[in-house]
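Protein chains get the first letters and strands the later ones, always in sequence-line order, with residue 1 at the start of each.
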Amino acid sequence: MKIATWNINGVKARIDTVREWLGESQPDIACFQEIKSVDENFPRQAIEDLGYNLETHGQKGFNGVALLSKRPLEDVQRGIPGDDSDEQARYIEASVSTDAGALRFGCLYLPNGNPLGTEKFPYKISWMDRLIEHTKMRLAEETPFILLGDYNVIPDPIDAARPEVWSEDALFQPISRQNFRALINLGMTETVRACTEAPETYTFWDYQAGAWQKNNGIRIDHILLSPQATDKLNGCGIDKHVRGWDKPSDHVPVWVDLAA
DNA sequence: ATGGCTTGGCATCCAAGA
């Protein structure tokens, strides 16, 4: 079973690119971030025509996440618990049934947190705290749980082409990295690093300053697996070539293959 | 380089992204 995450940077602007990638990659589950659309305006038909069930959690203008699945999506949950006043659409979770049992997927768009010194950074950190608490609860269930999306965290210096330029950025702050590490330390496996130690493994290249052409990238899109999901891990990959397509997102898809 | 593109919106400039 192929499970992918991709920050598509606007579903309206990206729908043709998204459909081309879905046809090529054929994921069983796809998790999208930054759909930048309200639920009513999401181009459902263009996705459903390719054989996918679809659940969205959108808002006007920014953010927004979506789950696609060839199997029915069950027990859909929108938002990360822990702050009823949070109106930003950044999390959607659902289950699918397989012959080997249920799998649960959490699709996340973690706050960017820039610029430092504004309310945006503490919002990022508190959002991560809520994600950690929610993940503890899921792990206690001792079932396959896949937490994937745009984490907006550069875990280590090797995950940036030029780590020094990110030193004052929310994505590479010690507390951001510590919270990401705390999530892994709960017992989650970070799949890309489980599959490769290769340097220059990135998932995002800025639109500006020829970042793609210079391979000036960062690795911020991650797939974390609970122990029960890690037991099923066959492999993982990054669809880097998609960044070179016409009308690309600035992120590329990241995927895992699970025996299920 | 002082964010150099790209997106969507109370749009024809602004905010937000990373």
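- Under the 6.0 Å distance and 45° angle rule, A:R90 counts as a cation-pi partner of A:Y109.
- At the heavy-atom level, A:D150 lies under 4.0 Å from the strands shown only through sugar-phosphate atoms.
- Taking atom NZ of residue A:K36 and atom P of nucleotide B:dG17, one finds them 9 Å apart after rounding to whole Å.
- Looking at heavy-atom distances under 4.0 Å, A:D250 makes no contact with the nucleic acid at all.
- Counting any heavy atom pair closer than 4.0 Å across all strands shown, A:K124 reaches no nucleic acid atom.
- At a threshold of 4.0 angstrom between heavy atoms, the contacts of A:A13 are confined to the sugar-phosphate backbone, with no base atom among them.
- Nucleic acid contact for A:N63: none, since no nucleic acid atom lies under 4.0 Å from a heavy atom of the residue.
- Following rounding to the nearest Å, A:Q33 (CD) and B:dA16 (C1') show an atom-to-atom distance of 17 Å.
- Side-chain polar atoms of A:N63 and A:Y91 form no donor-acceptor pair below 3.5 angstrom.
- Rounded to whole angstrom, the span from the CG atom of A:L110 across to the P atom of B:dA16 amounts to 18 Å.
- Between A:K120 and B:dG17 there is a side-chain polar atom (N or O) within less than 4.0 angstrom of OP1 or OP2.
- Of the listed nucleotides (B:dG9, B:dG4, B:dA15), B:dG9 has the atom at the smallest distance from the side chain of A:K60.
- Using a 4.0 Å heavy-atom cutoff across all strands shown, A:D206 reaches at least one base atom of the nucleic acid.
- Proximity note for A:K12 (side chain, C-beta onward) versus B:dG9, B:dT6, B:dA15: the nearest is B:dG9.
- To the nearest angstrom, P of B:dG17 lies 8 Å from CD of A:E34.
- With sequence neighbours excluded, the residues satisfying side-chain contact (heavy atoms from CB on, under 4.5 Å) with A:A182 are A:I132.
- Separating the CD atom of A:Q59 from the P atom of B:dG8 is a distance of 14 Å, rounded to the nearest angstrom.
- Considering only residues two or more places apart in sequence or on other chains, A:T143 meets the side-chain contact (heavy atoms from CB on, under 4.5 Å) condition with A:E141.
- Within 4.0 Å (heavy atoms only), A:Y151 reaches no atom of the nucleic acid at all.
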